[in-house]
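Here's the structure, in structure tokens; my notes come after.
If you're wondering where the values come from, they're calculated on a predicted model, not measured in any experiment. Excluded from the calculations below are hydrogen atoms, water molecules and symmetry mates; all remaining heavy atoms, backbone and side chain alike, are included.
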Amino acid sequence: MGKTVVIIGGGAAGMSAASRVKRLQPEWDVKVFEATEWVSHAPCGVPYVVEGISPKEKLMHYPPEVFIKKRGIDLHMRAEVLEVDQGAVRVREPDGEHTYEWDYLVFANGASPQVPAIEGCGLEGVFTADLPPDAVAIREYMEKHDVRNVVVIGTGYIALEMAEAFVAQGKNVTLIGRSERILRKTFDKEITDIVEEKLKGALNLRLQELTMRFEGDGKVERVITDAGEYPADMVIVATGIKPNTELARELGVRIGETGAIWTNERMETSVENVYAAGDVAETRHLITGRRVWIPLAPPGNKMGYVAGSNIAGRDVIFPGVLGTSITKFLDLEIGKTGLTEAEAIREGYDVRTAFIKAGTKPHYYPGSKPIWLKGVVDNETNKLLGVQVVGAEILPRIDTAATMLTAGFTTKDAFFTDLAYAPPFAPVWDPLIVLARVLKF
């Protein structure tokens, strides 16, 4: 007997789960309900569409037809799930409300912007930047209005990337944050000091300022903080996101300590035959073993794959995450994997750290650029706990460090890793190897 699988959310995790079930159980009925017109979308690309370097159509990895015709998925767009019951969902679609039955249910309905209660949020020209429709709305607003002064509220990844998108277009950008540091939650001070120096050369950086209200006649014209007033033809509010757990709560699904849906390593929730994947679900940290909610695209896709596999009868386990991430501001790249010093101390580790500056190529070869690395090590076991990198050509270092952390490398293991060398690519002592040497073993 074929089963019916209902998936709420057509983003990365939802479409990965749907595609996997259909691959393993082609006869099953797989229904996906997506509230917007976008499926398999890439929210990470939003700042780059706003900047104008990528067309909005490209934010879908595959057009809907691929899923419908090639993969046989029953995809419903502009379909908002209103209610979830045991065995059925009620959905509002363009042609009215419908009820659909399910044998298996997957929550893959992501996260939403967390907008603080700031007066004037309803003014024209105030945007969040979370999903592809936001990128389209921002571009359209810029085409219709003379946007010169842009204020970005927030100090996280999205705030940084959105600020870059406007700086790159020659706008006057003000970045306002309550925190005392940029990227405070994800990086240690040595790294953020370098980032802040870069920001100050390109925009007006205002830290430790509380945004009070947005003012204007119909459309936004000014941002008022507890320390000043800034002209604004457009405001981007990028103050974090929260998992969309309302529907899961209705069904009595357990919400974890992080505020996201609790799942086990097979992506099963506390309710039988109900799964969760992507930005709505929590998982475990590979180093600490603790429950974490780290909403990033690569784990989201893999969680969907794991949920779909298990639903279709193929036993697959999701081991957890390191929180490996990378971004940039203009030509300054910023990335991390594993724990920062602050996180490691909070988790009770006795740590030692090293912070080094190196070059990306030998001094005699043209094109060498500066790169800074910070490593965190557990004193007891000599195991690497985390690496943060800022500068140029950081991706191979971050990815190699992530692999080392996954394998449980000590500093000695890291030091003796046989990395590739030739002058056009790296110095004979790769910065990552130098870091291991300075960390000692």
Start with the C-alpha distance between Glu34 and Thr36, add both sets of side-chain angles, then the distance that settles side chain to side chain donor-acceptor pair (under 3.5 Å), and finish with yes or no. CA-CA 6 Å; Glu34 168 55 43; Thr36 72; 2.7 Å; yes

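Taking a 6.0 Å sphere around NZ of Lys242, one finds it holds more than 12 heavy atoms contributed by other residues, nucleotides or ligands. Atom CZ of Phe425 sits in a sparse spot, with 12 or fewer heavy atoms from other residues, nucleotides or ligands closer than 6.0 Å. The environment of NZ in Lys302 is sparse: at most 12 heavy-atom neighbours from other residues, nucleotides or ligands sit within 6.0 Å. Heavy atoms from other residues, nucleotides or ligands lying under 6.0 Å from NZ of Lys383 number 12 at most.
In terms of modelled atom types and a separation under 3.5 Å, the side chain of Arg148 and the main chain of Ala232 share no donor-acceptor contact. The main-chain N or O of Glu27 is never found under 3.5 Å from a side-chain atom of Gln25 such that the two would form a donor-acceptor pair. Looking only at distances, a side-chain donor or acceptor of Asp233 sits under 3.5 Å from a matching main-chain atom of Asn149.
Annotation: the span from Ile153 atom CD1 to Ile118 atom CD1 amounts to 5.5 Å, rounded to 0.5 Å. Residue Leu199 holds its CG atom at 9.5 Å from CD of Glu197, rounded to the nearest 0.5 Å.
In this structure the side chain of Trp372 never reaches within 4.5 angstrom of the side chain of Ile356, judged on heavy atoms.
Between Arg178 and Glu209 there is no salt bridge, since none of the side-chain N atoms of the basic residue sits less than 4.0 Å from a carboxylate O of the acidic one. Comment: Arg291 does not engage Glu257 in a salt bridge, judged by the lack of any side-chain N to carboxylate O separation of less than 4.0 angstrom. A salt bridge links Arg397 and Asp430; the closest N-O separation between the charged side-chain nitrogens and carboxylate oxygens is under 4.0 Å. Contact check on Glu333 versus Lys328 returns no salt bridge, with no Lys/Arg side-chain nitrogen under 4.0 Å from an Asp/Glu carboxylate oxygen. Electrostatic pairing of Lys336 and Glu343 counts as a salt bridge here, judged by a charged N lying under 4.0 Å from a carboxylate O. In this structure, Arg284 does not pair ionically with Glu265, as no charged nitrogen and carboxylate oxygen lie closer than 4.0 Å. Ion pairing between Arg181 and Glu196 fails under the 4.0 Å rule for side-chain N and carboxylate O.
The two atoms that bring Glu282 and Trp262 nearest to each other are OE2-CD1, 3.5 Å, heavy atoms only.
Aromatic rings from Phe107 and Tyr275 are positioned such that their centres are separated by 6.0 Å or more.
Trp28 and Tyr104 have parallel rings, their planes meeting at less than 30° on a 0 to 90° scale where 60° marks the start of perpendicular.
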